[in-house]
Structures are given as C-alpha cells and as structure tokens.
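Report on the structure given below.
Just so you know, residue 1 is the first one in the sequence shown, and it goes up from there. All of these numbers come straight from a predicted model, not from anything done at the bench.
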Amino acid sequence: MFKPGGTCTAAGHWSAECSALVSNKMPYFTKLLLLIFCLVLLVESRRHRRRRWTAHPDVQRASHIFKRNRDLTKAWRGKTEQLLRVDEHDFTMRPAFGGPAIPVGVDVQVESLDSISEVDMDFTMTLYLRHYWKDERLSFPSTNNKSMTFDGRLVKKIWVPDVFFVHSKRSFIHDTTTDNIMLRVFPDGHVLYSMRVTVTAMCNMDFSHFPLDSQTCSLELESYAYTDEDLMLYWKNGNESLKTDEKISLSQFLIQKFHTTSRLAFYSSTGWYNRLYINFTLRRHIFFFLLQTYFPATLMVMLSWVSFWIDRRAVPARVSLGITTVLTMSTIITGVNASMPRVSYIKAVDIYLWVSFVFVFLSVLEYAAVNYLTTVQERKERKLRERFSCSCGIPHSKTMMLDGNYSESDANSLAGYTRNQMAAEEEKPEKMVVHLAMSNESNSSRKRGLKGQVGLRIIQNTHAIDKYSRLIFPGTYIFFNLIYWSVFS
C-alpha cells in the first residue's frame, strides 16, 4: 500500500509499523488525514464482508413492475386476509333479510334457437342468463374501484337468486371445459352472476292454420322460493335487456320478433311471484309444404280427370287409374299426419288434402256410375233386339250385325233406322219387316258407308256423364282453391 521506511498491511489492517510511521516521521496534520483514511478503509471492508456472508440466496433485485401502485384486489392473499370475508357472514339468508324486497335485475342474450318440435310442442334454446343485485356483505376495499371475477366455485358459498324456468322440460348448464358460470363482485357489493344455459320448454301451439300458421312461444323465468315480498325480479333495461344473435335461423320458420314482458303469477298455497317472459313469434315457411304436399295432391286430382277422356268400355284402364290416384292420396295424407301431433281439431292442410281425396274418389265413383248405366242400357237394347228377332222371323245371317258390342244407335245406323223411326216401328211391326227385308243391293251400299261412321260411333258411345264431368270437376276444384288460399294465406 504505502511503505516509506515501514510497512502497512493490505485490506485496511492496522499494524504496529503503521503506527510507528504515523507517530514518528510525519507532521501532525498529515498524521490525522492518514488516520482517517485508514479508519474508512477498515469500516468499508467490514461492511462488505458482512453483506457477503449474511445475504439470503433467494432475494432478487426488485423489478420495475413493483414500483407502480398495485390494486389490492389483484394481489394474492392468504385465508387469514380474504377480501370478501365469506366466512364471516351467513349467506343462507338473502341480502337485507327482514327488510324490503331485494331487487334482482335480469338480462338475456339468446345464442341460438336450436329446434322447434310440433309433435312434442316444445322448443330448445341456448342463452346467456345474467343476474344483477347488491349484497353489502360482499363489499371490499379497493384503491382503483376494480371488480373481482370468480368462477362457479364461489357460487356455492354465497347467496344467489333461485331463478328457474317455468314449464321447462329439460335444462342444463354447460360444463365444457368447466362450468360456464361467471361471478363478478364490485367493491360496493354489486354482483353480476352469469351462466350459459340450454333449456327445452313447452310451447302451446295452434295448428288450425297449419302449415300457413304463425306460432308465439314464451320462455318464463321466476323465483322458486322468494315471493314478491322478498325478491323483486325485473328486466334490467326493459326491452333492451333481451339481445339476440343476428345469425339465428331455423329451417322451417322465420323469426319475426323477440320481446319481453313481465307480470305477477299467483299460487294459492304460496302467494304472488314476479315472472319474466321472453316472447318470440315464428312464421312457418310454406315453400317446403308446397313441394311436398300441395303440388303432389293437386297433380293427383288432375290425373284422376284423365279417365273422363278414356273410352267408357276400357274398364281396366279407367279402374286402375282411379285406384292408383286414391292410394297415392292416402299415402300423402298419412305422411303429413305422421309428422304432426294428434290434435282433436281440423288443420288447414287436412281440409285441402281431404277435399282433394274426395275429388279423386268421386272420379272413381263417376266411372262406376257410367259403367253401370252403360250396362243397363246395353241390357235393354239386347232384350229389344231379341224381341224383334223372335217376332219378325229375321234370318240369322241378317241379325249378326245387331250382335256384339254395338249399341242401339249403332244397330239402327247400320240398318238405316233412327230412334224415332224405331219407336214408330214398334207400333207398326209390319212396316219394320218390310224395311228389314230389303234387297241385297241396299245392304251392300250400307256396308260401304260403315267405315265413314266409325269416328262418329266413338262420340256416340261417350256417355253424357263423362261430358259433364270434364267441365264440372276442374271448375269446382279451381273454385275451391280460390276460396282456400284467400282464407288461409
């Protein structure tokens, strides 16, 4: 270090030689400065040694993050210094127990309208249900007035409203990946309680205008235990308390509107309760039923009219066509009723299908009437021909033209007679014999004109009922459709 004639040890140690040097060979002022310098070195060396051997190995240099003011609500605290003081209060009692009713605000955000079931008369909805109330027992100090957020584990330790869904069939809180429950507590004791719920509830539907109908369904919320004297349930922001997702859509329905209402519900054994309603109106899409029900039924009715243009003697063709249309209509009616509840009143689609079925069935009855009248007429003509052949002695070769499937008009046309002439000849059989005993030349001339009368024979064989049915059936069905669509659409 410094050694003018003597030695001074390193690291600030004071030796006998340094003392002798200071005392013998230096002036007084210099001695004083050197003494002070040696004392400073001695003190600093001891302080450095104490810091090196007594420092804790886990102590770290403070970061700049800890320099700013921290919110006590975000800092971890042990059980002995909990902010909410849950263990100090009895949360089995509602807030302000014994006082006025506690107001609980509610708002709902509809996430999806999953399904509408006509058979079960219910609907399934997924929604976010939020409750707002104030519980001073949960108030806590906070420098920044910030809230604390918890999951569903705290819900079991504090008081929450016991809201349930009236007329619900099934409901559950989503639990993937954990229970979808959020609890947010503010320093002044205000609480936000939110959960994600899927509920299937009953909806009273009226199918008298089905499928041209509109349905109004309601989801009802109510406190289970607390009457209106203990808990006042209300919509937090009126109609603005109900929010819906713009992407909500259904395959068979058009969602027209959502709105909220509230009223009191009375139970004879327990009293009055506040009840909240989520109302929504649905209008059914008609295009699906036009393709699946109305168009096929209309085509079957039109197909049954084809038999009016088929020859009345083509029995297999007309009978098979009528039976096919009847069975097809029965299948359509069965398919529609299979997807509908068994209601005791008549639906709009039932009116259309059963009227169409009646038209198809009447076309079958029409041919039955035509065939019966044709058989009766041919039987009379056959008896009349047999009477004339026996009384007049007409040879067998002459009567062959009167046999077979020819009607009376055909026989008369081949013989040169009209109906008026035949009626007159019945009174004078002797004149008829004269006409039937004509020469072979007149018979051959009549045979030559037979080919020209074949087309006329088809028209003459068409019964009058078929002619009128070709106009009456389509006209009546068109008139029915005009009335039907004007009433139900």
#### Entry: Geometric class of the Phe480/Tyr484 ring pair [parallel <30°, tilted 30-60°, perpendicular >60°]
tilted
### Message
Just to verify, what does Trp133 make a ring pair (Phe, Tyr, Trp, His ring centres under 6.0 Å) with, not counting sequence neighbours?
### Response
Trp159
### Task
Check side-chain hydrogen bond (donor to acceptor under 3.5 Å, both in side chains) between Thr270 and all other residues, then give those that pass, not counting sequence neighbours.
Tyr273
### Query
Residues two or more places apart in sequence or in another chain: which of them pass salt bridge (charged side-chain N to carboxylate O under 4.0 Å, His left out) with Arg196?
Glu111
### Message
Counting only heavy atoms from other residues, nucleotides and ligands, does the tally under 6.0 Å from CZ of Phe266 exceed 12?
### Response
yes
### Query
salt bridge (charged side-chain N to carboxylate O under 4.0 Å, His left out): which pairs involve residues 319-330, sequence neighbours left out?
none
### Message
Looking at Tyr372, I'd like to know if its OH atom is crowded, meaning that more than 12 non-hydrogen atoms belonging to other residues, nucleotides or ligands lie closer than 6.0 Å.
### Response
no
### Message
Applying side-chain hydrogen bond (donor to acceptor under 3.5 Å, both in side chains), can you list everything that pairs with Tyr234, at least two apart in sequence or on another chain?
### Response
none
### Message
I'd like to check Asp107 versus Tyr132 (side-chain heavy atoms, cut-off strictly below 4.5 Å). Are they in contact?
### Response
yes
### Task
List the steps and the verdict of side-chain contact (heavy atoms from CB on, under 4.5 Å) for Phe123 and Ile116.
CA-CA 5 Å; Phe123 65 91; Ile116 306 291; 3.4 Å; yes
### Message
Please verify the inter-ring angle class for Phe359 with Phe473; under 30° counts as parallel, over 60° as perpendicular, anything in between as tilted.
### Response
perpendicular
### Task
Name all residues meeting the side-chain hydrogen bond (donor to acceptor under 3.5 Å, both in side chains) criterion together with Tyr477; count only those two or more places apart in sequence or in a different chain, and write none if there are none.
Tyr352, Ser356
### Message
For the CE atom on Met182, are there more than 12 heavy atoms of other groups (residues, nucleotides or ligands in this structure) within a distance under 6.0 Å?
### Response
yes
Could you give the side-chain donor-acceptor pairs of residues 236-246 under 3.5 Å, partners two or more places apart or in another chain?
{"unit_1": "Asn239", "atom_1": "OD1", "unit_2": "Thr260", "atom_2": "OG1", "d": "2.8"}
{"unit_1": "Glu240", "atom_1": "OE1", "unit_2": "Lys243", "atom_2": "NZ", "d": "3.3"}
{"unit_1": "Ser241", "atom_1": "OG", "unit_2": "Lys236", "atom_2": "N", "d": "3.2"}
{"unit_1": "Ser241", "atom_1": "OG", "unit_2": "Asn237", "atom_2": "N", "d": "2.5"}
{"unit_1": "Ser241", "atom_1": "OG", "unit_2": "Gly238", "atom_2": "N", "d": "3.3"}
{"unit_1": "Ser241", "atom_1": "OG", "unit_2": "Gly238", "atom_2": "O", "d": "3.1"}
{"unit_1": "Asp245", "atom_1": "OD1", "unit_2": "Lys247", "atom_2": "N", "d": "3.1"}

### Listed partners of Ser223 passing side chain to side chain contact (heavy atoms under 4.5 Å, CB included), at least two apart
Asp162, Tyr226, Leu231
#### Entry: Geometric class of the Phe164/Tyr224 ring pair [parallel <30°, tilted 30-60°, perpendicular >60°]
perpendicular
### Task
Check for a donor-acceptor pair, side chain of His285 on one end and backbone N or O of Phe253 on the other, with a separation under 3.5 Å.
yes
### Query
Ion pair present between Arg94 and Asp230, side-chain N to carboxylate O less than 4.0 angstrom?
yes
### Query
Would you call Arg284-Glu118 a salt bridge at under 4.0 Å N-O?
yes
### Task
Answer whether the closest heavy-atom distance between the side chains of Leu138 and Met148 falls below 4.5 Å.
no
### Message
Working to the nearest 0.5 angstrom, can you tell me the gap between Leu373 CG and Ile465 CD1?
### Response
4.5 Å
### Query
What's the verdict on ring pair (Phe, Tyr, Trp, His ring centres under 6.0 Å) for Phe207 and His209, showing C-alpha distance, side-chain angles and the deciding distance?
CA-CA 5 Å; Phe207 297 107; His209 286 70; over 10 Å; no
### Neighbour count above 12 (heavy atom, 6.0 Å) for Lys157 NZ
no
### Query
With a 4.5 Å limit on heavy-atom distance, are the side chains of Val306 and Leu303 in contact?
yes
### Query
Can you tell me if Asn279 and Ser218 form a side-chain donor-acceptor pair at under 3.5 Å?
yes
### Query
Would a distance-only check, ignoring hydrogens and angles, find a side-chain to backbone donor-acceptor pair under 3.5 Å from Gln215 to Asp206?
yes
### Qualifying salt bridge (charged side-chain N to carboxylate O under 4.0 Å, His left out) pairs with a residue from residues 271-283, counting only residues at least two apart or across chains
Glu220-Arg275, Glu222-Arg275
### Task
List for me each residue that meets ring pair (Phe, Tyr, Trp, His ring centres under 6.0 Å) alongside Tyr128, sequence neighbours excluded, and say none if there are none.
none
### Task
Please answer whether the main-chain N or O of Arg470 pairs with a side-chain N or O of Trp305 as donor and acceptor at a distance below 3.5 Å.
no
### Message
Show, in sequence, the C-alpha distance, side-chain angles and deciding distance for Asp350 and Asn337, and conclude whether the side-chain contact (heavy atoms from CB on, under 4.5 Å) test is met.
### Response
CA-CA 9 Å; Asp350 293 335; Asn337 291 329; 3.5 Å; yes
### Donor-acceptor pair, side chain of Thr293 and main chain of Leu290, under 3.5 angstrom
no
### Query
With a cut-off of 6.0 Å (strictly less than), are more than 12 heavy atoms of other residues, nucleotides or ligands near CD of Glu136?
no
### Task
Using ring pair (Phe, Tyr, Trp, His ring centres under 6.0 Å) as the criterion, list what pairs up with Phe289, not counting sequence neighbours.
Phe210
### Message
Quick check on Ile346: does its CD1 atom have over 12 non-hydrogen neighbours (other residues, nucleotides or ligands) under 6.0 Å away?
### Response
no
### Residue Phe287 excluded, over 12 heavy atoms near CZ under 6.0 Å
no
### Message
Using the ring pair (Phe, Tyr, Trp, His ring centres under 6.0 Å) criterion, which residues pair with Tyr367? Sequence neighbours excluded.
### Response
none
### Working for side-chain contact (heavy atoms from CB on, under 4.5 Å), residues Arg318 and Glu366
CA-CA 11 Å; Arg318 295 189 65 165; Glu366 185 270 346; 3.2 Å; yes
